[in-house]
Student: 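Below you will find the structure I want to go over with you.
Because only heavy atoms are used, hydrogens play no part in the values below, and waters and symmetry mates are left out as well, while side chains stay in. Order of the sequence lines sets the chain letters (A, B, ...), proteins ahead of strands, with each chain counted from 1.
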2 protein chains.
Amino acid sequence: MKTIEELLESKGIRVTAMRLLIYKFLTEKQVAVRLSDIENAFDKADRTTLYRTIKTFEEKDIVHQIDDGTGITKYALCENGCTCEIETDLHLHFHCNNCNETVCLTEHKIPQIKVPDGFVSENVNLVVKGICDKCSGQ
Amino acid sequence: MKTIEELLESKGIRVTAMRLLIYKFLTEKQVAVRLSDIENAFDKADRTTLYRTIKTFEEKDIVHQIDDGTGITKYALCENGCTCEIETDLHLHFHCNNCNETVCLTEHKIPQIKVPDGFVSENVNLVVKGICDKCSGQ
DNA sequence: CAATAAATGCACTTCCTTTGCATTGATTAT
DNA sequence: ATAATCAATGCAAAGGAAGTGCATTTATTG
Ligand SMILES: [Mn+2]
Ligand SMILES: [Mn+2]
Ligand SMILES: [Zn+2]
Ligand SMILES: [Zn+2]
């Protein structure tokens, strides 16, 4: 079990107070977060720093971006050892139409999708929308 | 074979010059278009009119919105007789990472996606990214 | 032709994302 | 230890797309 410091260093980025805080915030959240969510959590920090931090995390495969159709990009921590490769790491995302939250269903890999001749599939974005487990009352 | 005029009337919206032009533009394009694409095609027309026209088309199931992950919403004509119902009309979309164009693969319906217990699926957005037939040189 | 309703055009707003540049803080070389 | 170098942060401003209010034009109806 790596510490956060060790993880950041292993990804080749420097350990700073802000990065530790944001990483910790992401681990505690069980859902994908928008930049404004992080802003609200750290209202003393500058928005630009948060933005650049999350972009750095994204480049280093620490978080992945999620486009759930709300028009606002969200971010969530990658699984341990994730390299954001298609075969192994691509999972589906669920967006709740009731609470408006989006979660990673990391154990649900995306099925093979057939495309017509001449098309080459490199990547798949799959978002299921509906009612989440918390909101379905079960 | 309906004329465009007949089609618009059958959907319960009035025939105007602008609507005819935009509809014609959409039929000629074989790909999903952004609002700015329409703007560029009709630079004498006001952006708001184009915006409201496409929104009217959307309400009347003449076009459907596509979220291909580029952050910009695109629109494409619905199939003949489409009611934008999940079961029958939901197809997958292909976004080319090379030419940046997005096409409807209307004959490719979205497979049934399993979600965990407690989750209720109402809708699915599936976008495959890769290289399109034109760009794959085949 | 007059009254009414819809469509269009212009201006403005909001929200999110991104960038430039100065400043602060940390790392490395002398 | 000090200076030089580079990365991280903070502040300001820009950009892009989506949406709204209201006046004006155009079409429809009585
Ligand atoms: Mn995810
Ligand atoms: Mn389509
Ligand atoms: Zn929910
Ligand atoms: Zn292409």
Side-chain angles (χ1 to χ4, degrees), chain A residues 4-25 32-60 62-76 95 100-102, chain B residues 4-25 32-60 62-76 95 100-102:
Chain A
I4 304 181
E5 283 90 342
E6 286 168 338
L7 179 114
L8 293 181
E9 279 169 358
S10 75
K11 294 283 188 176
I13 66 172
R14 293 188 182 163
V15 177
T16 70
M18 207 66 246
R19 288 174 178 167
L20 288 173
L21 283 172
I22 294 178
Y23 190 95
K24 193 156 169 294
F25 175 73
V33 299
R34 316 186 296 176
L35 206 58
S36 60
D37 294 328
I38 309 181
E39 271 182 74
N40 294 338
F42 305 97
D43 47 353
K44 15 185 174 180
D46 186 74
R47 197 165 37 84
T48 314
T49 305
L50 305 176
Y51 171 75
R52 287 179 173 141
T53 300
I54 209 81
K55 284 295 169 190
T56 302
F57 281 4
E58 196 185 354
E59 280 171 17
K60 302 295 181 180
I62 295 170
V63 303
H64 59 281
Q65 192 170 329
I66 301 165
D67 174 18
D68 62 8
T70 56
I72 298 161
T73 50
K74 296 182 180 174
Y75 302 89
H95 176 76
N100 219 35
E101 290 192 334
T102 298
Chain B
I4 303 179
E5 283 90 343
E6 287 169 338
L7 179 114
L8 293 182
E9 279 168 358
S10 76
K11 294 283 189 176
I13 65 172
R14 294 188 180 164
V15 177
T16 70
M18 206 65 247
R19 287 174 179 168
L20 288 172
L21 283 171
I22 294 178
Y23 190 95
K24 193 157 169 295
F25 176 74
V33 300
R34 317 186 294 177
L35 207 57
S36 61
D37 293 329
I38 309 180
E39 270 183 72
N40 294 337
F42 305 97
D43 45 354
K44 12 185 176 181
D46 186 73
R47 196 174 44 82
T48 314
T49 305
L50 305 176
Y51 171 74
R52 286 178 175 142
T53 300
I54 208 79
K55 285 295 169 191
T56 302
F57 282 4
E58 196 185 353
E59 280 170 17
K60 301 296 182 180
I62 295 171
V63 302
H64 60 279
Q65 192 170 330
I66 300 166
D67 173 20
D68 63 7
T70 56
I72 299 161
T73 51
K74 295 182 178 173
Y75 302 90
H95 176 77
N100 219 35
E101 290 191 335
T102 299

Student: Rounded to the nearest 0.5 Å, what separation is found between the NZ atom of B/K55 and the OG1 atom of B/T48?
Tutor: 13.5 Å

Student: Please report, rounded to the nearest Å, how far the C1' atom of D/dT9 is from the CD1 atom of A/I54.
Tutor: 16 Å

Student: For A/L50 and D/dA8, give me the distance from atom CG to atom P, rounded to whole Å.
Tutor: 15 Å

Student: B/D67 has an atom CG; how far is it from atom C1' of D/dA18, in whole Å?
Tutor: 14 Å

Student: Below the 4.0 Å mark, does D/dG10 have OP1 or OP2 next to a side-chain nitrogen or oxygen of A/T49?
Tutor: yes

Student: To the nearest Å, how far apart are B/F42 CZ and C/dG9 P?
Tutor: 12 Å

Student: Let me know which of A/D68, A/L35, A/V63, A/D37 forms a side-chain contact (heavy atoms from CB on, under 4.5 Å) with A/K74.
Tutor: A/D68

Student: Check this one for me: any side-chain N or O of A/T16 less than 4.0 Å away from OP1 or OP2 of D/dT9?
Tutor: yes

Student: Indicate the atoms forming the closest heavy-atom contact of A/F25 with A/V33, along with that distance.
Tutor: CE2-CG1, 4.2 Å

Student: How long is the line joining CD of A/E59 and P of D/dA7, in whole Å?
Tutor: 13 Å

Student: How would you summarise protein contacts on nucleotides 13-26 of chain C per nucleotide, using B for base, S for sugar-phosphate only and - for none, with heavy-atom distances below 4.0 Å?
Tutor: ---SBBBBB-----

Student: How many Å lie between CE on B/M18 and C1' on D/dT26, as a whole number?
Tutor: 15 Å

Student: Please name the pair of heavy atoms, one in A/A76 and one in A/I66, separated by the smallest distance, quoted to 0.1 Å.
Tutor: CB-CD1, 3.8 Å

Student: Do any pairs count as a side chain to side chain donor-acceptor pair (under 3.5 Å) and have a residue in residues 11-21 of chain B, sequence neighbours left out, and if so which ones?
Tutor: none

Student: To the nearest 0.5 angstrom, please state how far the CD1 atom of A/I22 sits from the CG atom of A/L20.
Tutor: 10.0 Å

Student: Tell me the interatomic distance from B/R19, atom CZ, to C/dG9, atom P, rounded to whole angstroms.
Tutor: 12 Å

